[in-house]
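Here the structure is laid out as structure tokens; the discussion comes afterwards.
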Amino acid sequence: MLPTIEWNGDAAVMIDQRKLPSAEVYVTCRTAPEVARAIRSMVIRGAPAIGVAAAMGIALGVRRSRATGTKRFAAEFQKTCDLMAATRPTAVNLFWAIDRMKRMFAAAAQAGCSVAEIAQRLEAEALRIHDEDVASCRSMGAHGATLVPESATILTHCNAGALATAGYGTALGVIRAAVEGGKKVAVLADETRPFLQGARLTAWELVRDGIDTTVITDNMAAALMRQGEVDLVVVGADRIAANGDVANKIGTYGLAVLAKEHGIPFYVAAPISTFDLGTRDGSRIPIEERHAREVTHVGPTRVTPVGARVRNPAFDVTPARYVTAIVTERGIARPPYDVSLARLAGGRHGAATPESSLP
Ligand code: MRU
């Protein structure tokens, strides 16, 4: 399986996603600030993957301070959590992972563990978050594959694959599971300006797996849908509000509107850790505005004139009414999402069949 992020005992090792597909380079992060820099600079990206990275970053941070006294150790732990939380604002998986590490810290401290034991438990928790993410992607894939016809052309946006998770992927997990189940699947990968996650990462992953892949520029989706060349859309998510509004890579909203206009199912695949049920609707989701250079340049080449202002919101919000279903590791949620998402998050496990659709 693709090594997105691994723990080598002393460091978090990540494939440098900025360099793909031209070069397979690995970055070794030995400290929490190194992990934070890797997240901020997009060495590692994708909602579940940055959650895993943050957890490993915290585990690295406490290693450094485990020789200190308990009070200082707790303060350093909090500082490291804050450092991780300040890396990227939209993907809620990041905050979910940090919360899990905080809960583990509190439980270990409560149990009277020594500083060294707390550090050990935090490392184990980070590895659990990693392994659980792979398992939940596989389960999501099994559920989502039931939505894919025997033969289908699937449009996807950004990269919601192995590279965006600890492995296998969310949206690409659904595609992989459909292919593994013997379905005849062709993928249209949206280029995904400005950072080109679709052209660079999704296409790289899928070609590597021998899956039929065609890259299109973002502005081609409408025409292809109109010509009947798209059977369904499946994307990932960075945060899903209680009412089913979905924040995902900029451009997702447009695709969802187009899919509705053309009568094409629009599916979102995301783990429960992407749910933010404390946020009522998408208008309250913070949207990251990234550096203008991602828009003004393609690689080293400037493509806009000096003096033109630039906007670079990295995500948009798709209102729930455009979302046909949300695929999770626990089953498939259908509208009304305020009911079905709460039920899934409450721990009801479904089977990998269409009957598991909720409510
Ligand atoms: O800015 P990125 O590359 O981190 O954005 C990633 C996305 O928008 C993905 O679609 C989302 O995180 C889902 S990943 C399984």
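In listed order, ligands and their atoms are each counted from 1. The figures that follow rest on heavy atoms only: side chains count, while hydrogens, waters and symmetry mates do not.
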*Exercise: do Asp238 and Thr90 side chains pair donor with acceptor under 3.5 Å*: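 Side chains of Asp238 and Thr90: no pair found under 3.5 Å.
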_Do Ser283 and Asp281 pair up side chain to side chain, a donor and an acceptor below 3.5 Å, judged on atom types alone?_
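Distance-only check passes for Ser283 and Asp281.
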_Validation row, ring centre Phe105 to ring centre Phe77 under 6.0 Å_ =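 Ring centres of Phe77 and Phe105 closer than 6.0 Å.
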*Just going by heavy-atom distances, which of Cys158, Ala237, Ala269, Ala171 is nearest to atom 13 (C) of ligand 1?*
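Minimum heavy-atom distance to atom 13 (C) of ligand 1 goes to Ala237.
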Check each atom of ligand 1 against the heavy atoms of [X] and keep those under 4.0 Å away; list them by number with element.
{"X": "Gln197", "answer": "1 (O), 2 (P), 3 (O)"}
{"X": "Ala47", "answer": "12 (O), 14 (S)"}
{"X": "Met42", "answer": "1 (O), 3 (O)"}

Look at ligand 1 and say whether [X] reaches it with a heavy atom at a distance under 4.0 Å.
{"X": "Phe315", "answer": "yes"}
{"X": "Asn159", "answer": "yes"}
{"X": "Pro48", "answer": "yes"}
{"X": "Arg290", "answer": "no"}

*Measure from the side-chain N and O atoms of Tyr168 to the backbone N and O of Ser136, and report whether any donor-acceptor pair falls under 3.5 Å.*
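No; judged by distance alone, with no hydrogens or angles, the pair does not exist.
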*Specify side chain, backbone, both or neither for Lys249, according to which of its non-hydrogen atoms lie closer than 4.0 Å to ligand 1.*
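Both the backbone and the side chain of Lys249 come within reach of ligand 1.
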*Heavy atom under 4.0 Å from ligand 1: found in His157's side chain, backbone, both, or neither?*
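The answer is neither; His157 stays 4.0 Å or more away.
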For [atom], what's the nearest protein heavy atom and its distance?
{"atom": "atom 10 (O) of ligand 1", "answer": "Asn248 OD1, 2.7 Å"}
{"atom": "atom 4 (O) of ligand 1", "answer": "Arg88 NH1, 2.8 Å"}
{"atom": "atom 6 (C) of ligand 1", "answer": "Arg45 NH2, 3.5 Å"}
{"atom": "atom 11 (C) of ligand 1", "answer": "Asp238 OD1, 3.1 Å"}
{"atom": "atom 15 (C) of ligand 1", "answer": "Thr170 OG1, 3.0 Å"}
{"atom": "atom 14 (S) of ligand 1", "answer": "Ala164 CB, 3.5 Å"}

*Asp276 bridged to Arg239 by N-O distance under 4.0 Å*: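 Looking at Asp276 and Arg239, the cut-off is met.
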*Between Glu125 and Arg128, does at least one N-O distance fall below 4.0 Å, as a salt bridge requires?*
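Yes, charged N to carboxylate O under 4.0 Å.
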*Count the heavy atoms belonging to other residues, nucleotides or ligands that lie under 6.0 Å from CZ of Arg290, then report whether that count exceeds 12.*
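Enclosed.
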*Before signing off on this row, confirm whether Gly46 and ligand 1 have an N or O atom pair separated by under 3.5 Å.*
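Between Gly46 and ligand 1, an N or O pair is found under 3.5 Å apart.
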*In the single-linkage hydrophobic clustering (I, L, V, M, F, W, Y; side-chain heavy atoms under 4.5 Å), do Leu232 and Val257 co-cluster?*
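Shared cluster, no.
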_Non-hydrogen atoms of Ala54 and Ile98 that approach each other most closely_ =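 Here Ala54 and Ile98 meet closest at CB-CG1, 4.4 Å.
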_Heavy-atom closest pair, residues Leu163 and Ala49_ =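 The pair with the smallest heavy-atom distance is O-CB, 3.9 Å.
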*asked:* For a 4.5 angstrom cut-off between non-hydrogen side-chain atoms, does Arg88 reach Met42?
replied: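 Result yes, sub-4.5 Å side-chain heavy-atom pair found.
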